[in-house]
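Order of listing sets the numbers, starting from 1, for every ligand and every atom in it. In what follows, every heavy atom counts, from backbone to side chain, and hydrogens, waters and symmetry copies are set aside.
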Amino acid sequence: MKKRVFSGIQPTGNIHIGNYLGAIRRWVATQAEFESIFCVVDLHAITIPQDPKVLKAKTREVAGLLLAAGIDPEVSTLFVQSHISAHAELAWILNCFIPVGWMRRMTQFKEKSEKQKDEVSTGLFDYPALMAADILLYNTDVVPVGEDQKQHVELTRDVAQRFNSIYGETFRIPEAEIPQTGARIMALDDPTQKMSKSEEDRGGTICLLDSPDEIRAKIMKATTDSLREVRFDEGRPGIYNLLVIYELFTGQPREEIEARFEGKGYADLKRELAEVVIEGLAPLQARYRELTADPAHIDSLLTQGADRIRPIAEKTLSLVKERIGLG
Ligand code: AQP
């Protein structure tokens, strides 16, 4: 029996190389090793205000990008969260088993609500309950995510354990899988902040659909420091971040990369990195253009994905309802 993997991505903003290196690329690489389920989490997206037309278009765009990156619908299941109502239903039930103190500890909520102040929605506070529902509905073993989602997977484990201890074995307890390198790609213009799709100023974010000129301009402007030597040194976050991106796109060992830039400066690294990223994204961009020439095909793959996976979600939800005396 293969282990089951579940992970999701929000159709908000523009998908960037942080999402790609920290999550999507790993989903593609291991999809056949596991029983893989990937979800475009549009219910999570509405925790912040969205234009309905843009949300719909972004949902298809993200699905297209996942397919273009190599998610194979014959191997993995790809679907849209709102197409399976069990996600929202289980999230409500889990809410009733999550003490508010656990939610208050979530750093992502603290960071995001800081920016939105009083406009922040209750949904954003409750985001981790919905994420727990996503994961637990499918008896997930492994959740491959970037560093920022680790705390949410821990909360998922906690609520599953709490529920199981009250009602008996109901949920499988999932494990987060965080990569050793690339779990937190930083913004190019501020390497103390993670690269993020909701940043309004896009200078720090390389989006998967950026043109070669945009990629070159952003990398050449990346914030570094006043030193010269090109070394993997976490104490120099700007240059370290650029080197990690180089390492992940080329697959070269760190010593080889350092030797390559021996006696050269930051500008040389930036110039080469820009070409490496442009080349690394080119096949994905070409496949994306082909795929989106037929949007109905993407929509039909998403419908098929949801139809295939819905019985698993409904079975889990029925069991949960039976355990707690609903229905
Ligand atoms: N900077 C990052 N480095 C490595 N991994 C990252 N991920 C996000 N940012 C980085 C991982 O990408 C997957 C999908 O992310 P998401 O759609 O759930 O969005 P997010 O985690 O909230 O991150 P974003 O892209 O910054 O979006 P906004 O700005 O909307 O919050 C996840 O596995 C995530 O860990």
- Message: Quick check on Lys112 - does any of its heavy atoms sit under 4.0 Å from an atom of ligand 1?
- Response: yes
>> Less than 3.5 Å apart, any donor N or O on the side chain of Ser211 or Glu214 sitting next to an acceptor on the other?
In response: yes
Filtering Lys197, Gln10, Lys194 for the heavy atom nearest atom 23 (O) of ligand 1 leaves Lys194
Only one of Arg4, Arg172, Lys3 passes salt bridge (charged side-chain N to carboxylate O under 4.0 Å, His left out) with Asp141, and that residue is Arg172
Excluding Leu43, membership of its hydrophobic cluster (Ile, Leu, Val, Met, Phe, Trp, Tyr; side-chain heavy atoms within less than 4.5 Å) reads Leu130
Exercise. Between Gln149 and ligand 1, is there a nitrogen or oxygen pair with a distance under 3.5 Å?
Worked result: yes
Under 3.5 Å between any N/O of Ile185 and any N/O of ligand 1: does that happen in this structure? yes
Of Thr205, Asp148, Val145, the residue with the heavy atom nearest atom 35 (O) of ligand 1 is Asp148
* **Sub-4.5 Å side-chain heavy-atom contact between Trp27 and Ile9** => yes
dist Asp189:CG -> Met195:CE (nearest 0.5 Å) comes out at 8.5 Å
Atoms of ligand 1 under 4.0 Å from any heavy atom of Gly182, numbered from 1 in the order shown, are 4 (C)
Handout entry: Any N or O of Trp27 closer than 3.5 Å to N or O of ligand 1
Key = no
Could you verify whether a donor N or O on one side chain and an acceptor N or O on the other, from Asp72 and Gln31, lie under 3.5 Å apart? no
Tracing side-chain contacts under 4.5 Å among Ile, Leu, Val, Met, Phe, Trp and Tyr outward from Leu55 reaches Ile46
Within 4.0 Å of some non-hydrogen atom of Ala23, the atoms of ligand 1 are 12 (O), 13 (C), 33 (O)
Q. Taking the non-hydrogen atoms of His44, is any one of them nearer than 4.0 angstrom to ligand 1?
A. no
For Gln108, the atoms of ligand 1 under 4.0 Å from one of its heavy atoms are 22 (O)
Note to self: Can you confirm, on distance only, whether ligand 1 has an N/O atom lying under 3.5 Å from any N/O atom belonging to Gly8?
What the structure shows: no
- Message: Tell me whether Ala183 reaches ligand 1 (any heavy atom closer than 4.0 angstrom to a ligand atom).
- Response: yes
| Going by heavy atoms, is Pro11 under 4.0 Å from ligand 1? | no
